[in-house]
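What follows is a short report on a single structure.
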Protein chains: 2
Amino acid sequence: MVEKFKEPQDSQTAEVDFGDFRMTKQRRAVFDVLHAERDHPTASEVYIRAKEQMPSISLATVYNCLETLTQAGLVKQVNVDREASRYCPNLKPHAHFFCSHCQEVYDVDLRPSADAVEPWALPEGSIVEHVEVAMKGCCPNCRGAGTKANA
Amino acid sequence: MVEKFKEPQDSQTAEVDFGDFRMTKQRRAVFDVLHAERDHPTASEVYIRAKEQMPSISLATVYNCLETLTQAGLVKQVNVDREASRYCPNLKPHAHFFCSHCQEVYDVDLRPSADAVEPWALPEGSIVEHVEVAMKGCCPNCRGAGTKANA
DNA sequence: GTAATATCAAGAATTATTCTAATTAAAATC
DNA sequence: GATTTTAATTAGAATAATTCTTGATATTAC
């Protein structure tokens with residue numbers, strides 16, 4: 001049921017297990033955009049970047065592709081407050097740190113052998129399928145530079 | 001600068017430190033709604049409940065009040081995915097558990113002397129001002145009842 | 001009591017996202 | 001390799017939560 005598809009055209013990344021989905025040109029383009037610069041672009045930003053390689057792609061398709069890729073487990077959707085969703089190709093368990101000064105989103109790795117759920121007193125019998133941790137504050141860069149963006 | 005206002009009318013809860021803001025009838029009504037049933041209503045749900053006590057209140061005012069109360073630190077805004085924000089009056093540090101079956105949001109306390117940030121390998125010099133932890137899964141009730149809502 | 005300021009209400013506007021319907025592309029079958 | 005079937009793409013309309021705008025109404029300061 002789960003097969004591998006080879007990319008139908010030249011691309012920067014190797015072949016990817018795409019599950020039941022077809023690896024179309026558009027999905028490949030969106031996937032490549034996310035891997036080219038590993039910041040955390042919004043759908044619109046992905047759209048702008050994808051258009052450089054594929055001017056015919058539409059915003060609706062970018063939304064579709066991002067959803068498909070998310071369902072396939074190839075990218076993660078990142079939500080900070082009520083702002084536009086951002087997307088990231090980091091598949092390791094990680095949290096997100098949002099710097100209020102430079103407005104950047106950083107990935108934060110889980111410490112070796114640490115457990116993100118451990119600090120929380122869940123009732124017996126709860127089943128956790130998914131944890132999302134979002135931190136907000138000031139990143140080391142902005143801190144050193146005297147909080148330029150906000151001061 | 002930070003003063004106490006007494007409520008301008010009868011109400012269920014005691015006087016509250018409201019910071020620089022005025023405790024108006026509308027804000028009090030919204031505040032009371034959140035304390036009456038400690039579930040996690042959306043702005044629209046708060047609106048519906050507040051109208052029972054104050055039929056003249058508008059949705060825009062409910063949004064304004066919720067924002068004011070949030071800024072004053074008296075309620076917390078809870079965001080799960082891209083769905084409508086929910087509001088909760090629990091001021092203790094806590095996470096939220098969203099049951100995909102009954103669609104309820106539960107508060108999850110921090111274990112005694114546990115630290116929500118500890119599992120995360122933040123770069124030196126990061127300053128965390130705020131942490132938001134959202135878990136998704138199945139609550140003990142739904143688990144016992146054979147996942148009625150989804151199966 | 002009057003002036004200054006803050007809040008409220010109603011509806012318009014905005015924004016991210018999803019839906020719809022028609023076209024196009026890809027895979028399966030002949 | 002041509003045809004059929006199925007899935008994906010596109011453009012634009014629709015939606016939903018939220019914010020903004022403007023004028024009216026309270027509340028505090030003087």
Side-chain angles (χ1 to χ4, degrees), chain A residues 1-9 11 15 18-31 33 40-48 50-51 53-72 74-75 77-87 105, chain B residues 1-9 18-31 33 40-48 50-51 53-72 74-75 77-87 105:
Chain A
M1 216 155 285
V2 175
E3 301 152 73
K4 277 187 196 252
F5 291 91
K6 293 204 175 120
E7 55 274 19
Q9 79 209 92
S11 78
E15 69 187 66
F18 217 64
D20 283 328
F21 303 98
R22 289 183 192 161
M23 179 51 104
T24 63
K25 284 181 199 144
Q26 289 83 350
R27 287 171 182 173
R28 165 59 67 183
V30 166
F31 184 82
V33 160
H40 295 75
T42 62
S44 308
E45 285 163 351
V46 171
Y47 174 55
I48 291 166
K51 264 188 113 126
Q53 302 307 119
M54 182 183 272
S56 67
I57 200 171
S58 74
L59 179 58
T61 297
V62 169
Y63 272 103
N64 289 340
C65 292
L66 288 170
E67 204 204 317
T68 306
L69 291 167
T70 302
Q71 280 180 206
L74 295 174
V75 307
Q77 194 187 46
V78 181
N79 297 304
V80 178
D81 294 345
R82 305 235 80 239
E83 282 160 34
S85 291
R86 295 158 177 277
Y87 294 86
V105 176
Chain B
M1 215 155 287
V2 174
E3 301 151 74
K4 276 188 195 251
F5 293 91
K6 293 205 175 119
E7 55 272 19
Q9 79 207 94
F18 217 63
D20 283 329
F21 303 99
R22 290 183 192 158
M23 178 53 102
T24 64
K25 285 182 199 145
Q26 289 83 351
R27 287 172 182 170
R28 163 60 68 184
V30 167
F31 185 82
V33 161
H40 294 76
T42 62
S44 308
E45 285 162 351
V46 171
Y47 173 54
I48 291 166
K51 266 188 112 128
Q53 302 307 118
M54 181 184 273
S56 67
I57 199 169
S58 74
L59 179 57
T61 296
V62 169
Y63 271 104
N64 289 340
C65 292
L66 287 169
E67 204 204 317
T68 305
L69 291 166
T70 302
Q71 279 180 208
L74 295 175
V75 308
Q77 193 187 47
V78 181
N79 296 303
V80 177
D81 295 345
R82 305 236 79 239
E83 281 160 36
S85 291
R86 294 159 178 276
Y87 294 87
V105 176

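Below, read A as the first sequence line, B as the second, and so on, with proteins coming before strands; counting in each chain starts at 1. What's counted below: heavy atoms across the whole structure, side chains too, no hydrogens, waters or symmetry copies.
Computed from coordinates, the A:Lys25 NZ to C:dT24 P distance equals 14 Å when rounded to whole Å. Rounded to whole Å, atom C1' of C:dT7 lies 14 Å from atom CD of B:Gln71. When the P atom of C:dT18 is taken as reference, atom CG of A:Leu59 falls 11 Å away, rounded to whole Å. If you measure from atom NZ of A:Lys51 to atom P of D:dT9, you get 16 Å, rounded to the nearest angstrom. In this structure, B:Glu67 atom CD and C:dT7 atom P are separated by 12 Å, rounded to whole Å. Here C:dT17 presents its P atom at 11 Å from CD of A:Glu83, a figure rounded to the nearest Å. D:dT25 atom P lies 18 Å from atom CG of B:Asn64, rounded to whole Å. Going from atom OH of B:Tyr87 over to atom P of D:dA17 covers 12 Å, rounded to whole Å.
Nearest nucleotide to the side chain of A:Ser56, out of D:dA7, D:dT10, D:dC20: D:dT10. The side chain of A:Ser58 approaches D:dT10 more closely than any other nucleotide in the set C:dT5, C:dT17, D:dT10. Checking D:dT9, C:dA26, C:dC8 against every side-chain atom of B:Gln26, the shortest atom distance belongs to C:dC8. The side chain of A:Phe21 has D:dA8 as its nearest neighbour among D:dA8, C:dT17, C:dA9.
Interatomic distance, CD1 of B:Ile48 versus CD1 of B:Ile57, reported as 12.5 Å (0.5 Å rounding). Note that OG of B:Ser56 is 6.5 Å distant from CD of B:Gln26, once rounded to the nearest 0.5 Å. The CZ atom of A:Arg22 lies 12.0 Å from the OG1 atom of A:Thr68; values are rounded to the nearest 0.5 Å. A distance of 11.5 Å separates CG in A:Leu66 from CG in A:Leu74, rounded to the nearest 0.5 Å.
B:Arg86 places no side-chain N or O within donor-acceptor distance of the main-chain N or O of B:Gln77, the cut-off being under 3.5 Å.
Nucleic acid contact for B:Ser44: none, since no nucleic acid atom lies under 4.0 Å from a heavy atom of the residue. Base contact: B:Ala60 has a heavy atom under 4.0 Å from a base atom.
B:Tyr63 has a side-chain polar atom (N or O) that falls below the 4.0 Å cut-off from OP1 or OP2 of D:dT18. Within the 4.0 Å cut-off from OP1 or OP2 of D:dA8, at least one side-chain nitrogen or oxygen of A:Arg27 is found. An OP1 or OP2 oxygen of D:dT9 is reached within less than 4.0 angstrom by a side-chain nitrogen or oxygen of A:Thr24. Between B:Arg82 and C:dT17 there is a side-chain N or O to OP1 or OP2 distance below 4.0 Å. For the pair B:Thr61 and C:dA9, the criterion of a side-chain N or O lying under 4.0 Å from OP1 or OP2 is met. The side chain of B:Thr42 contributes no N or O atom lying less than 4.0 Å from OP1 or OP2 of D:dA17.
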